[in-house]
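For reference, the structure discussed in these notes is given below.
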2 protein chains.
Amino acid sequence: MPSRPTPFPSAASLQATSTATIEDVARMADVSIATVSRAIHTPEKVATSTRQRVNQAIAITGYTTNAMARSLRMGRSNMILVLAPDIGDPNFSSILVGLENEARAHGYGVLIGHTQNDPERGLDYLKFLNSNQAAGLLLFTGHAPFGHQMMTERLPPTVGLFEPVFNGRVSYVGVDDLAGARKAAEHLLSAGHRRIAFIGESRTKLGHQRRLKGFELALDAARIPASDRMVLEGDGTIESGRLALEQIFMRGDAPTAFMCVNDATAIGVVNGLSARGYELPRDMSVIGFDDIPQATYVHPPLTTVRQPRSAIGRQAMALLLQSLDAPPEPPREILIMPDLIVRGSVTGPQRR
Amino acid sequence: MPSRPTPFPSAASLQATSTATIEDVARMADVSIATVSRAIHTPEKVATSTRQRVNQAIAITGYTTNAMARSLRMGRSNMILVLAPDIGDPNFSSILVGLENEARAHGYGVLIGHTQNDPERGLDYLKFLNSNQAAGLLLFTGHAPFGHQMMTERLPPTVGLFEPVFNGRVSYVGVDDLAGARKAAEHLLSAGHRRIAFIGESRTKLGHQRRLKGFELALDAARIPASDRMVLEGDGTIESGRLALEQIFMRGDAPTAFMCVNDATAIGVVNGLSARGYELPRDMSVIGFDDIPQATYVHPPLTTVRQPRSAIGRQAMALLLQSLDAPPEPPREILIMPDLIVRGSVTGPQRR
DNA sequence: TTGTATGCGTTATCAT
DNA sequence: ATGATAACGCATACAA
């Protein structure tokens with residue numbers, strides 16, 4: 001019995017090879033690999049009939065462009081690397097969604113690198129970048145990745161987001177810290193508070209500095225004397241809120257309201273206050289910043305300033321994607337105005 | 001004035017080129033690229049003196065292997081892809097640290113893909129895998145990535161972790177759900193409870209099913225009649241805890257204790273109970289599972305079963321790295337025994 | 001011990 | 001409209 005001819009020249013050989021390459025497709029469609037490549041990237045330059053044959057072959061083989069080869073050839077990948085020190089940051093998740101949506105819309109994929117603020121890991125990702133495995137870099141870290149100078153020089157287009165980047169001249173997308181903090185302080189002021197404590201890390205964190213500035217501007221405008229203001233150090237963790245509270249009570253001159261640099265700090269303060277027997281918000285007002293999910297589950301629920309997380313993600317990615325072709329010079333800074341979210345942790349000061 | 005000879009043949013040309021390649025190193029060390037490659041990967045096969053020249057050249061140029069080219073050539077990368085549906089999962093962060101430590105120790109890097117349970121995104125990452133951009137796959141998702149069948153067939157070595165993988169025959173590393181749940185139930189029992197409600201999603205989630213089984217085994221052993229057991233549906237979100245609670249009260253026969261499939265559910269129950277004016281744990285006991293950070297910040301702090309997160313991460317990566325050379329057949333399942341964490345949400349039942 | 005040459009899967013240039 | 005081929009950067013079989 002004569003062997004039945006297969007519809008395509010090399011149908012048999014296909015099963016042997018693991019992943020279909022452009023060559024498999026070419027053979028099956030009976031064209032050159034150049035034509036296959038064209039059919040994919042510039043379909044209008046290919047005759048309709050051949051294009052159809054190629055597409056059919058692609059469908060049958062399940063061919064997907066080998067991104068490694070493509071990037072090697074092109075000197076640029078279509079992946080964006082996001083570097084984050086702490087994946088667990090409650091802000092990170094929804095910013096990421098914004099980033100990814102925007103990236104997808106432009107044909108880019110998103111990869112996340114977890115640095116844990118460890119220079120070693122930073123170096124690893126630097127190497128990753130160095131071999132063009134990502135076309136652009138998004139810094140959620142507040143600083144450029146650490147590593148050999150040689151490598152930091154050759155960084156791809158980069159934009160920082162959420163936390164201002166203190167080293168490296170890069171574009172930045174984030175909340176308008178100053179304006180947001182000012183809104184928060186004004187909310188406290190208009191509730192009648194005059195003795196207010198601010199808790200934050202003003203020395204190294206740029207974002208915290210800006211929030212402190214907004215706080216001070218608002219109090220200046222309300223002509224609150226310096227003697228009625230307290231500024232306490234706190235690195236932005238829940239624990240730092242508790243600690244700052246201890247200091248306040250050690251010094252003995254409690255304020256009527258706390259303005260915390262972020263919600264984590266505020267949660268620490270709320271917990272500490274409750275533990276000391278204060279009833280909130282009757283005895284003391286607390287306001288936060290960020291509006292993380294946990295802000296709702298504390299008692300009383302936190303009045304706070306909401307980070308426009310999704311917008312930050314979207315705009316940061318948009319800016320980066322633009323920068324891929326021509327990095328803006330000088331770097332741009334996009335500040336998004338946040339909204340005040342009024343919940344239950346602020347009322348007027350108690351009569352004393 | 002005669003031009004001063006440069007110490008190396010092509011020192012000048014280096015500045016022009018963007019990133020140093022193996023060829024730059026070869027020229028500078030005055031050897032062939034093959035020798036450079038060998039000096040890096042099999043140093044013992046290279047004369048000491050040449051090796052030194054090569055190393056020096058590498059140091060000067062800041063050369064790093066182009067991972068794209070290397071992987072293309074070798075047909076395998078040194079990156080591991082972790083697929084997670086929700087980066088914000090409070091369990092994810094510390095598992096990740098375990099994964100990364102183990103990976104680093106073996107010279108592998110970790111990349112995270114955020115699928116959001118979206119098949120489109122899954123397909124993207126499938127393409128990523130398909131071109132050998134990752135040597136192995138870790139599934140935090142509870143299921144294999146969705147995509148064209150053609151591509152799912154060609155998956156690299158894979159292991160699931162944290163949540164049993166319901167499609168795809170893959171190895172798995174996670175907590176011993178059954179034993180952990182049994183411990184929790186026994187804790188409730190030994191506190192004196194006999195009317196206990198279980199809240200969880202027993203239909204589609206394998207892990208939930210196992211926890212329910214552990215619950216039932218413990219109650220069987222204590223000879224609790226079926227009439228004293230309640231099993232309520234809840235998908236594991238905070239909201240699902242509240243909802244299940246509603247159902248209980250609608251039916252009117254409240255238990256004395258709640259065993260929740262996870263902490264999120266338990267937090268929903270605790271909140272709901274507090275909102276209804278119950279004082280915990282005096283009026284009602286609640287036990288969770290996972291020991292997420294938030295378990296500490298609810299009142300009363302949650303008694304729960306702790307996920308061995310770091311161990312899960314470490315062992316899953318170790319298993320995957322082994323599987324790279326020879327995938328175990330049949331797939332292995334590593335179950336880690338969890339500890340009961342006693343806090344304040346469980347006491348004896350109220351006298352009625 | 002070292003060098004030459006080939007191929008990994010693409011894209012792009014130049015012919016035809 | 002299509003095909004042949006070079007080059008991307010590297011690892012390695014084979015020669016020397």
Side-chain angles (χ1 to χ4, degrees), chain A residues 14 17-55 57-58 61-79 107 127-133 135 154, chain B residues 13-14 17-54 57-58 61-78 127-133 135 154:
Chain A
L14 276 180
T17 160
S18 63
T19 282
T21 74
I22 199 172
E23 199 167 339
D24 298 322
V25 176
R27 263 201 306 271
M28 183 171 287
D30 198 32
V31 293
S32 73
I33 63 169
T35 300
V36 174
S37 184
R38 271 189 297 256
I40 294 172
H41 298 102
T42 51
E44 69 279 5
K45 291 189 175 181
V46 151
T48 315
S49 61
T50 40
R51 187 170 51 220
Q52 284 173 342
R53 287 212 318 285
V54 169
N55 287 336
I58 289 179
T61 55
Y63 167 78
T64 313
T65 308
N66 180 321
M68 309 234 60
R70 175 175 218 273
S71 302
L72 177 59
R73 174 61 226 250
M74 307 247 292
R76 180 201 276 195
S77 92
N78 66 150
M79 286 284 169
K127 288 183 185 167
F128 185 82
L129 291 168
N130 198 45
S131 40
N132 298 322
Q133 293 190 82
R154 303 199 194 295
Chain B
S13 72
L14 277 180
T17 160
S18 61
T19 282
T21 75
I22 199 173
E23 200 168 340
D24 298 321
V25 176
R27 263 202 304 273
M28 183 170 287
D30 199 32
V31 295
S32 74
I33 64 167
T35 300
V36 175
S37 184
R38 274 189 293 255
I40 295 172
H41 297 103
T42 50
E44 69 279 6
K45 291 189 175 181
V46 152
T48 315
S49 60
T50 40
R51 188 169 53 221
Q52 285 175 341
R53 288 213 316 287
V54 169
I58 288 178
T61 54
Y63 167 78
T64 314
T65 307
N66 181 320
M68 307 233 65
R70 176 173 214 274
S71 303
L72 177 59
R73 173 59 225 257
M74 307 253 290
R76 180 202 276 197
S77 91
N78 66 151
K127 288 183 185 168
F128 185 82
L129 291 168
N130 197 45
S131 42
N132 297 324
Q133 293 189 84
R154 303 199 195 292

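In what follows, chains carry the letters A, B, and so on, assigned in the order in which the sequence lines appear, proteins first and then strands, with residues in each chain numbered from 1. Both backbone and side-chain heavy atoms feed into the values below; hydrogens, waters and symmetry mates do not. What you see is a predicted model, and the numbers here were worked out from it, not measured in a lab.
We find that CD1 of B:Ile33 is positioned 14 Å from C1' of C:dC8, with the value rounded to whole Å. Protein atom CD of B:Glu44 is 10 Å distant from nucleotide atom P of C:dT1, rounded to whole Å. Between the CG atom of A:Asn66 and the C1' atom of C:dG7 there is a distance of 13 Å, rounded to whole Å. One atom, CZ of B:Arg70, and another, C1' of D:dG9, lie 12 Å apart when rounded to the nearest Å. We find that CD1 of B:Ile40 is positioned 8 Å from P of D:dC10, with the value rounded to whole Å. The separation between A:Ile22 atom CD1 and C:dC8 atom C1' is 14 Å, rounded to whole Å. B:Asn132 has its CG atom 9 Å from the P atom of C:dG9, to the nearest Å. Rounding to whole angstrom units, CD of residue B:Glu23 and P of D:dC10 are separated by 9 Å.
Taking the side chain as every heavy atom from C-beta outward, A:Arg38 and A:Thr35 approach each other to under 4.5 Å.
B:Thr35 has a side-chain polar atom (N or O) that falls below the 4.0 Å cut-off from OP1 or OP2 of C:dG3. Under 4.0 angstrom from either OP1 or OP2 of C:dA12 there lies no side-chain N or O belonging to A:Ser37. For the pair A:Thr21 and C:dG9, the criterion of a side-chain N or O lying under 4.0 Å from OP1 or OP2 is not met.
With hydrogens and angles disregarded, no donor-acceptor distance shorter than 3.5 Å links the side chain of B:Arg76 to the backbone of B:Ala135.
In this structure, B:Thr42 reaches neither bases nor backbone, as no heavy-atom distance under 4.0 Å exists between it and the strands shown. Across all strands shown, B:Ala34 has heavy atoms under 4.0 Å from base atoms, whether or not it also approaches the sugar-phosphate. Among the protein residues, B:Ser131 comes within range of no part of the nucleic acid, since none of its heavy atoms lies under 4.0 Å from any strand. As judged by a 4.0 angstrom heavy-atom cut-off over every strand, A:Ser71 is placed among residues making no nucleic acid contact. Using a 4.0 Å heavy-atom distance criterion, B:Thr65 is classed as a sugar-phosphate-only contact.
If you find the closest nucleotide of DNA chain C to B:Lys45 and to B:Met74, the one lying nearer the 5' end belongs to B:Lys45.
In this structure, A:Arg70 CZ and B:Ser131 OG are separated by 11.0 Å, a value rounded to the nearest 0.5 Å.
Residue B:Leu72 places its side chain closer to D:dG9 than to any other of D:dT2, D:dC10, D:dG9. Side-chain proximity of B:Arg38 to the nucleotides D:dT2, D:dG3, C:dT2 is greatest for C:dT2.
Of the candidates A:Val25, A:Asp30, A:Asp24, A:Arg27 forms a side-chain contact (heavy atoms from CB on, under 4.5 Å) with just one, namely A:Asp24.
Annotation for B:Val31 and B:Arg53: closest pair CG1-NH2, 3.5 Å, computed over non-hydrogen atoms.
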